[in-house]
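Note that the structure is a prediction, hence the values are computed from the model and not measured. Naming convention: chains lettered A, B, ... in sequence-line order (proteins, then strands); numbering from 1 in each chain.
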Amino acid sequence: MRRAGNGSGPGPAGVGGLAGVPGLVANVQHFSLHDGPGIRTTVFLKGCPLRCRWCANPETQSFRPEPGFDRGRCLGLKKCGECLRACPEGAVSAGADDRPDLDRKKCVRCAFFACRNKCPTGAWKVFGDLMTAGEVLEITLGETVFHQRSGGGLTLSGGEPLAQPEFSRAVLALAGQAGLRTAAETCGCADFGTLGMVAGGLDFLYYDLKSLDRARHFELTGGDNAPIVGNLLKLRASLPGLRLTVRTPVIPGLNSDEGPAFGSFMRELPGVGYEPLRYHRLGGGKYRLLGREYGMGDAKLGPETWREFLEGFRRTYGGDGRLPDGFPAAAAAGSSGEKNSPPVRH
Amino acid sequence: MDRTVLSPQETRLDIINSGGPDPFLAGRARVSALVKNTAGQKPVIDVERALWFTRSMRETEGRPLPLRWALALYNVAKNMTVRLAEGQLLLGRVGPPGRHCILYPELDGDFLDLAVGTLPDRPNSPADISPEDARLVIDEIAPYWRGRTYHEALSLALPEDVRRLTYADPAGLVSRFVVNETSSFRSSIQWVHDYECVLKLGFRGLSEIAAARLAGLDPLDPVQQTERRPFYEAVLTAAEAVRLWAGRHADLAAETASRESDPVRRAELLEMAAIARKVPWEPAGTFREAVQSQWFTQLFSRLEQKTGTIISNGRMDQYLYPYYARDKELGLADEDGALELLECVWAGLSEFVDLYVSPAGGAFNEGYAHWEAVTVGGQKSDGSDATNELSHLFLRSKREFPLHYPDLAARVHSRSPASFLRDVAETIKDGSGFPKLINDEEVVPLLVGKGATFAEALDYAVSGCTEARMPNRDTFTSGGSYINFAAALEMALRDGRMVKYGDARLGEATGDPRGFKTYDDLWEAYQKQHVCLLRAAFVQQAVVNKLRARHFAQPMGSLLHDLALKHGRDLHQEHIPEGLDFGYVEFIGYATVADSLAALKKKVFEEGVLGMAEVMEALDHNFSGYEKVRAILGSAPCYGNNDPYADSIAKKLDRVSVEFSAKYAGSLGVNLDIRYVPFTSHVPFGRAVSATPNGRGAWLPLSDGASASQGADKKGPAAVLLSNFNSKNMDLSARAARMINIKLTPGCLEGDEGTEKLVSFIRAFVDLKLWHVQFNVINQQTLLAAQKNPDKYRDLIVRIAGYSAYFTDLSADLQNDLIARSSHGSV
Ligand code: SF4
Ligand code: SF4
């Protein structure tokens with residue numbers, strides 16, 4: 001990823017027009033196959049209003065850049081020690097096993113992130129680089145031969161694209177000018193004006209809905225689902241042409257009993273896709289990088305629970321057997337659910 | 001990862017490992033019996049071909065070589081034991097039951113007696129030989145050839161400065177692994193015959209053409225009488241040899257039938273006998289006859305000479321189609337019957353192992369390499385799409401047949417139908433790495449640019465790993481040079497020396513690298529070494545091209561070639577009028593060199609965080625105790641990430657090579673195009689090169705083909721293709737294949753959606769005008785498990801280079817290399 005001058009800072013939004021609008025980007029994923037139609041370039045923005053306990057991208061939650069530390073990549077202080085010497089704030093100290101320790105309270109996210117810049121191994125990462133909309137576009141267009149052939153394009157993800165509306169809008173407008181197809185992934189947690197503005201520039205939207213139970217939603221995500229659900233319904237009404245897919249991460253013991261509830265909910269939204277996502281623990285390692293605790297312990301989503309969710313959904317969604325776009329094909333095949341699906345190893 | 005999607009191949013292994021029945025075998029009794037003993041079996045060497053060939057050659061000394069060759073083949077055809085495999089529908093094999101190989105003493109007879117002792121136990125591609133056969137080799141075959149082989153002549157003929165870069169010993173038996181010749185591993189570069197002319201005319205029709213040419217010679221012209229006459233006599237003799245050989249098989253089948261108690265098999269044998277009495281001498285009439293005719297032809301061409309890693313099968317879906325369509329219409333053939341017959345061909349193919357006797361040959365072609373490329377798809381010579389029913393049938397067979405045969409290549413172009421590409425993608429997803437893809441949009445314009453007509457270029461067949469051949473226009477048969485450019489890099493850092501070879505200066509004197517002030521100084525030193533190796537390769541080729549006509553002939557192959565037949569010259573002659581000569585020089589270690597130069601440019605000459613002295617110290621210690629230096633170097637931009645910094649260096653490396661070829665290939669009168677196709681040579685080449693500045697440890701494999709360095713591609717397979725595009729010099733034409741390996745986990749291609757994504761990936765590859773791409777669809781865990789429990793994973797197939805092989809047949813080095821190649825997950 002390109003690192004826009006953290007020290008000099010970008011010019012005012014007006015100077016470069018849309019191309020100059022700055023945003024905080026956690027990561028750009030190339031050759032992304034699962035964030036919308038076709039082959040895509042996915043831009044993960046930094047900052048999210050919710051705090052889901054299972055979040056697989058915890059590095060995108062905070063609205064500020066933050067250093068992360070990967071112990072496994074560090075050469076050890078005796079052999080190297082560059083970061084220790086580089087930190088102007090004394091936030092990096094000698095820790096156990098000859099590895100540095102970070103005192104996050106002391107870290108001021110100094111200019112150029114001295115710890116990262118001096119580290120030869122990439123053990124230090126900084127999640128959150130300032131990039132301009134123009135830079136994001138340039139990277140994306142460099143891969144466009146793949147987008148064109150696959151019906152793919154650019155996906156804004158997060159974090160929460162709606163939490164950086166100016167930037168998201170600028171990227172989408174530039175993408176539109178360049179003839180790129182666009183998609184976004186949102187948790188829907190914003191005022192409707194913002195959602196409408198961003199969604200207006202999209203060809204495809206993934207809309208995450210974690211629980212239909214208001215109290216539970218609050219408990220799981222730290223946010224109220226009433227505006228999220230409200231926004232979804234309003235959006236459906238105001239932009240009927242937008243391809244929309246609702247997604248629910250199925251989390252063992254937290255919302256895995258809500259299959260029937262989601263089935264009846266989605267039944268009222270004909271033409272909207274629905275994609276349940278199997279809980280996975282892949283984000284777990286990142287919590288360690290950030291010096292945080294993973295809130296999910298070692299919970300696992302068993303095949304039974306997953307099947308129950310899918311079957312519950314199907315029961316209430318409708319009797320004619322037609323399932324929404326994006327719903328796992330295996331479950332549609334029959335009650336065994338596994339017959340036609342590729343084998344799964346646990 | 002708590003959820004893993006398995007490829008069908010992995011699923012099959014899982015079922016078998018948990019005691020279940022092999023899903024392939026159900027309903028395929030015949031083919032299952034044929035393939036039962038092939039997987040994982042150590043091949044046996046059969047000496048008959050070598051013996052009868054040698055005995056004839058001994059008697060014909062002094063006569064014109066093509067004629068001697070034809071007489072030797074006739075002797076083989078007459079005396080070699082003919083055998084038929086139980087249950088086979090096809091007649092013709094060149095060795096005993098099971099996996100077998102044959103010997104070509106004209107290549108390596110001088111050390112064959114020593115080699116037979118070591119072959120059974122060598123680590124790369126071993127083979128067994130019976131004590132009686134070993135005695136024949138030691139007492140009769142090797143003694144005749146000593147002093148007469150091509151390989152001895154080459155070793156003597158190379159100028160000393162080039163010789164030093166080629167061999168590490170006086171006898172020319174030990175490779176230097178700097179500028180390797182491959183012309184002594186095989187008598188011909190990978191080749192495709194015009195099988196269609198055999199099906200249409202039969203050897204009889206071809207003989208009539210040759211006889212007419214012979215009759216038309218001017219009886220008073222001394223050149224015609226001494227050069228052309230023996231050539232035509234040779235091709236006529238070769239045709240008779242084929243006829244005799246097929247006839248002996250027919251006799252055997254008839255005789256076996258008379259003793260057969262099962263009436264079904266008896267009828268089969270009688271039909272086989274009848275077919276073999278007809279083809280390949282007469283034109284084929286039915287699909288069954290066409291397949292048998294082609295099979296005899298390719299088998300006999302194995303007896304004729306060693307074509308690098310087995311002769312290719314050409315555009316099978318094209319030349320067999322008329323017969324299939326006709327039979328189907330007449331109700332004589334159906335899909336299942338055709339499938340069974342084709343699987344009999346694959347079973348037959350799988351029993352033959354192309355043995356490389358020389359250690360270098362074995363190391364270059366690990367895992368019993370075979371590139372009998374069956375081409376499907378592509379365009380017809382009028383430019384329309386060529387896909388037909390058989391193209392799909394071949395793909396289906398590829399998915400269902402359990403061995404890694406045949407080596408299947410799909411030609412793709414900008415209008416390849418979606419149904420074909422979807423079928424191709426489904427087959428790739430099966431996980432055995434097939435088919436490999438060759439792109440018409442790159443190949444056809446390059447062939448036309450080098451002198452082919454559009455009709456010829458559009459009808460090319462994939463040959464071997466990645467070559468494109470026009471069977472009646474290509475006339476170049478010499479094996480090419482492989483250049484270890486990582487060695488050039490090492491020499492640029494060590495004043496022309498290499499750690500492995502001590503004080504001997506192999507390259508140019510370019511001074512102490514600690515004195516390099518700028519990147520330009522480094523580049524200049526590197527370029528000198530680079531050009532020094534290119535020069536050696538081209539000199540090698542000049543010697544090779546002249547020498548080979550004196551050592552090899554291929555009368556049968558020449559009979560099948562329009563130009564050879566027209567001009568009365570054996571295909572091994574240096575130049576054939578109207579012919580197009582496409583030779584290759586292999587660039588090995590592309591990303592290793594590009595990444596190393598990028599690392600030094602960035603970290604030493606631009607950022608100044610390291611000094612050359614420090615880097616050299618670290619390299620001298622193989623980074624041990626210098627982990628920080630290694631890490632700093634490793635953090636520089638790498639080729640394969642669509643990063644202009646590294647890609648522009650790679651482009652310059654390509655440019656220097658292509659420009660050299662543009663300038664000097666012409667003086668040899670041939671095309672010597674720059675290619676990036678290592679087979680498995682990046683492993684032995686790596687063993688010659690000490691630590692490199694991209695952080696690669698000493699003696700480890702170099703980067704593979706035009707792929708990124710192992711583990712250096714961080715941005716996914718799209719970026720690997722883009723880097724290849726970025727680093728090509730589209731304004732110049734002295735280029736050929738870039739081999740690109742992409743490893744994907746089955747998870748990223750799950751379901752119909754995954755298939756569609758792979759299809760669009762392929763379409764983008766076509767748009768980018770890259771020559772070749774192939775996929776490994778496998779889980780890292782599967783590879784690790786197979787390494788731990790080889791017995792459980794004997795038939796795990798992985799794609800290595802231009803071919804796929806059993807994972808467990810590979811050396812530990814190569815296994816680790818495959819595991820280390822970044823696997824592009826889907827997370
Ligand atoms: S970002 Fe700057 S202040 Fe924070 S730990 Fe790194 S070097 Fe210290
Ligand atoms: S700079 Fe990086 S490698 Fe060096 S001690 Fe710090 S974390 Fe470890």
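Among A:Ser32, A:Gly38, A:Gly122, A:Gly151, the residue with the largest count of heavy-atom pairs under 4.5 Å with chain B is A:Gly38.
Of all the heavy atoms in A:Pro120 and B:Ile632, the pair that sits closest is CB-CG1, 3.2 Å. In this structure, A:Gly142 and B:Leu722 approach most closely via the heavy-atom pair O-CD1, 3.4 Å.
A 6.0 Å sphere centred on CG of B:Asp620 holds more than 12 heavy atoms belonging to other residues, nucleotides or ligands. Other residues, nucleotides and ligands place more than 12 heavy atoms under 6.0 Å from the CD atom of B:Glu614.
Remark: A:Glu143 engages no residue in a salt bridge (charged side-chain N to carboxylate O under 4.0 Å, His left out) (not counting sequence neighbours).
Between atom CD1 of residue A:Ile39 and atom CD of residue B:Glu756 there is a gap of 11.0 Å, rounded to the nearest 0.5 Å. From B:Leu768, atom CG reaches atom CZ of A:Phe146 across 5.5 Å, with rounding to the nearest 0.5 Å. If you take CZ on A:Phe31 and CD1 on B:Ile742, they are separated by 7.5 Å, rounding to the nearest 0.5 Å. Atom-to-atom distance recorded for B:Asp713:CG and A:His30:NE2 is 12.5 Å, nearest 0.5 angstrom.
The contact between B:Leu721 and chain A is made entirely by side chain atoms (from C-beta outward), counting heavy-atom distances below 4.5 Å.
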Show me the donor-acceptor pairs, under 3.5 Å and distance only, between side chains in residues 74-83 of chain A and residues at least two apart or in other chains.
residue	atom	partner	partner atom	Å
A:Glu82	OE2	B:Lys628	NZ	2.5

